[in-house]
Amino acid sequence: MFGKILNYEVSENKVLVNYEKIQSTITLINESVVNFFVPFHREERNSKAVENVLNSEVKFEVKFDSKVLNIKTNVLSINIYDDFKVDIYNSKGEILCRDYRGERDPFRRLGANSTLAAEEGHKLEGHEEYKIYVSKVMENDMYFYGLGERTGSLNKKGYHYRNWNTDDPTPHGETYAQLYKSIPFLITLKDEEACGIFFDNHFESHFDMGKENSNYYYFGAVDGNLDYYFMYGPTIKEVVNEYTNLTGKTPLPQLWTLGYQQCRWSYAPQERTMEIAKAFREKDIPCDTIYLDIDYMDGFRVFTWDNKKFGNPKEFLEQLKEMGFKVVTIIDPGVKVDKGYKIYDEGLKEGHFATDKDGIVYKNWVWPGDSVFPDFMNSKTREWWAGNQKIMMDLGVSGIWNDMNEPASFNGPLPDDVVFNNDGTLVTHKEIHNVYGHMMDKATYEGIKRATNKRPFIVTRACYAGTQKYATVWTGDNQSTWEHLRMSLPMLMNLGLSGMAFCGTDVGGFGHDCTPELLSRWVQVGAFTPLFRNHSTIGSREQEPWAFDKTTEDINRKYIKLRYKLIPYLYDMMYKCEETGEPIIRPLLFNYQNDKKTYEINDEFNFGDNILVSPVVEQGARHKLVYLPEGDNWIDYWTGEEYKGGQYIIKEAPLDICPIFIKSLSIIPVGKEQNYVGENNDDILTLNIYLGKENGESTYTHILDDGESFDYKNGKLNKYIINCKLKEELRIELKENIGYSKNYNKIKIILNNLEHTKKVFFNNKEIEVKENQFIVEL
Ligand code: MIG
């Protein structure tokens with residue numbers, strides 16, 4: 001494909017390598033991130049994920065000795081050979097990533113007669129021919145993570161996945177190669193060194209982590225350019241940071257979006273929605289958001305309302321607002337073919353719909369019946385779609401739920417050759433399928449931002465790499481089964497490692513009937529998922545927090561209230577995430593990369609730096625085996641018991657207990673008890689400090705702003721930097737950095753496990769602590 005290296009040229013931070021048959025470009029993004037590009041499909045790069053790569057100046061040297069072209073930065077040494085084989089070393093000369101030299105060699109698969117299965121006519125999955133194909137040497141002790149929303153275990157070794165956004169309503173199993181999202185980003189971990197590979201190609205692509213043959217792992221695509229980034233950690237934290245520097249960080253959301261959310265297909269007519277809203281307030285269960293699924297629309301026509309079911313949406317939404325509820329409405333991409341319907345007429349007239357190869361508007365069948373598909377590749381169409389968001393926002397809708405944007409269609413999939421207009425370049429469905437939802441989200445984001453000037457809240461099902469810039473993600477149609485509760489943990493952890501920090505699953509499960517016990521355990525996980533939304537399908541057993549018995553309702557209330565306590569902590573994490581890309585729900589290995597025992601823990605996670613959650617995910621289980629990672633000490637949230645890290649313990653876990661541990665010396669802000677975010681304004685900053693047996697020091701930054709606008713970006717933000725040092729005596733120091741007009745007037749500090757200190761000082765003044773707490777005026 002390439003042939004021999006002829007020569008090379010250096011231009012700024014690029015090295016152009018001329019091969020006998022084609023030119024490749026190696027771009028140094030920085031000292032530890034490098035891009036490999038070969039224009040097999042198009043000369044120009046057409047990334048939908050990477051919008052602004054910062055081209056900082058990178059120091060590097062290039063040497064060529066007719067066999068090896070070596071590019072060296074302070075951090076990496078990259079050897080490039082004939083046929084574009086690449087080996088990458090760290091500065092110590094240790095190999096990080098080596099191209100595999102052999103041919104593809106799939107494991108033998110035998111059919112009924114012990115002859116090759118393929119010869120017996122069996123279809124073998126994952127044995128495709130790829131136009132683009134890169135394979136790397138797989139070593140025994142390698143671990144794989146990332147790839148977005150995937151079924152199966154946290155460590156992806158031994159799996160094969162396909163990137164082709166797919167709406168598959170059957171119960172997702174571990175063998176599923178594809179779901180709604182395509183995030184071609186893989187993290188490898190070996191000898192405590194983490195690297196990332198981001199294959200920026202939105203054609204159908206595949207990642208195989210040794211399923212085909214355990215000597216190599218590969219990525220490949222049916223078409224497109226070879227365009228991939230290699231990034232070196234050595235920590236996973238750095239890899240995720242680099243990846244999100246390229247594709248974008250999850251931005252700080254509005255505060256209310258972190259509250260509890262209730263959904264159902266469907267809450268209609270409006271009386272039913274009202275009943276649900278009232279029940280939350282009557283039953284003293286906090287809730288911020290109610291969703292309207294497809295039945296609020298007039299015959300599933302997007303941007304319309306069914307006025308029989310919802311007489312006056314504006315008034316109705318106003319009423320809910322007074323009760324403290326936000327409403328999020330679903331929007332599908334499919335536009336009903338219907339003369340006289342404004343959106344259809346306008347779109348048709350202005351050429352906003354995808355066409356077949358002869359230029360005739362393409363139709364398929366979705367909820368509204370015969371439907372056409374907006375061409376989100378076209379910036380004019382995005383502009384139009386963005387403008388339509390105003391219709392919903394002006395009525396008082398607070399967020400948009402983009403569903404079916406794979407795009408899903410009922411009358412067979414969209415053919416490969418459906419045509420879209422990528423601002424002047426005609427592209428086919430085959431090329432843009434995986435970015436269709438992504439571009440719809442981009443349009444939605446722009447529209448809501450313009451209409452409201454607030455941080456847009458969009459929930460999306462389909463994604464490509466980088467969708468986190470625009471939208472929150474949920475994992476689509478799961479089922480009310482224990483298996484799906486278990487599976488949601490590695491799924492959310494890998495989504496987080498893939499840049500999608502604001503994520504969640506349908507709490508209680510979407511399809512099938514939930515049970516009291518399952519909902520009780522699921523809400524215990526939901527309380528810690530960034531998007532905390534209970535949702536269920538039409539015709540299934542009711543699944544609201546009170547839909548079962550008193551015990552289940554009490555457990556729901558307990559964990560939803562716990563969530564509201566944690567909102568300030570979660571918000572602080574989200575703020576940090578916008579800087580660093582750090583996920584909220586994270587596998588233990590993210591913070592404890594030196595502790596190998598964390599590498600394959602599927603059923604536990606860290607909620608930020610300070611909290612560890614080990615939920616019960618088995619029916620009937622009333623205890624849990626918990627691994628506490630090495631390097632920190634852990635305090636049982638419920639009992640205050642202390643444990644040394646680096647050990648397995650068995651925790652009793654009656655139905656109302658989810659094992660939760662706080663890292664010792666943590667500082668955690670506590671949210672006020674309230675029915676919805678903003679019901680009571682916090683004028684006291686409450687902090688929980690957890691003392692431990694061992695001395696030490698920790699720092700925490702808490703933020704306060706208006707919780708909805710973009711003003712925080714212009715300094716209208718308060719930062720409270722709290723430092724606590726334990727050494728016989730406890731010294732707490734607070735530094736304030738005030739930019740926002742409102743401020744707390746008091747600070748209340750609750751000291752847990754107070755017996756570990758003799759004296760307490762706050763900003764160098766000794767404090768008298770009564771009943772383990774004290775209040776200081778600010
Ligand atoms: O074809 O709008 O995943 O959450 O309730 C089903 C109805 C369409 C799929 C979504 C689900 C939603 C449902 N939708």
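First listed ligand is number 1; within each ligand, the first listed atom is number 1. All values below were derived from every heavy atom in this structure, side-chain atoms included, with hydrogens, water molecules and symmetry-related copies excluded.
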Engineer: Would D288 and K326 pass as an ion pair if we require N to O under 4.0 Å?
Structural biologist: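 K326 and D288: not salt-bridged.
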Engineer: Does a salt bridge link R533 with D506, judged by any charged N lying under 4.0 Å from a carboxylate O?
Structural biologist: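 Looking at D506 together with R533, the answer is yes, because their closest N to O distance falls below 4.0 Å.
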Engineer: Salt bridge check, R272 against E542: does any charged N sit closer than 4.0 Å to a carboxylate O?
Structural biologist: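 So E542 pairs with R272 through a salt bridge.
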Engineer: Out of the candidates D403, D441, N402, only one should pair with T460 under the side-chain hydrogen bond (donor to acceptor under 3.5 Å, both in side chains) rule; please name it.
Structural biologist: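 Per the side-chain hydrogen bond (donor to acceptor under 3.5 Å, both in side chains) rule, the option paired with T460 is D441, out of D403, D441, N402.
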Engineer: Which protein residues come within less than 4.0 angstrom of ligand 1, counting heavy atoms only?
Structural biologist: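 Under the 4.0 Å cut-off, ligand 1 touches W265, D293, I294, I330, W367, W401, D403, M404, R461, W474, D477, F510, H535.
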Engineer: Using the ring-ring contact (aromatic ring centres under 6.0 Å, His included) rule, collect all pairs that involve residues 258-289, keeping only residues at least two apart or in two chains.
Structural biologist: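 ring-ring contact (aromatic ring centres under 6.0 Å, His included) check on residues 258-289 returns Y260-F280, Y260-F532, W265-W367, F280-W546.
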Engineer: Do the side chains of R557 and D554 get close enough for a salt bridge, i.e. N-O under 4.0 angstrom?
Structural biologist: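 Salt bridge between R557 and D554, a charged N being under 4.0 Å from a carboxylate O: yes.
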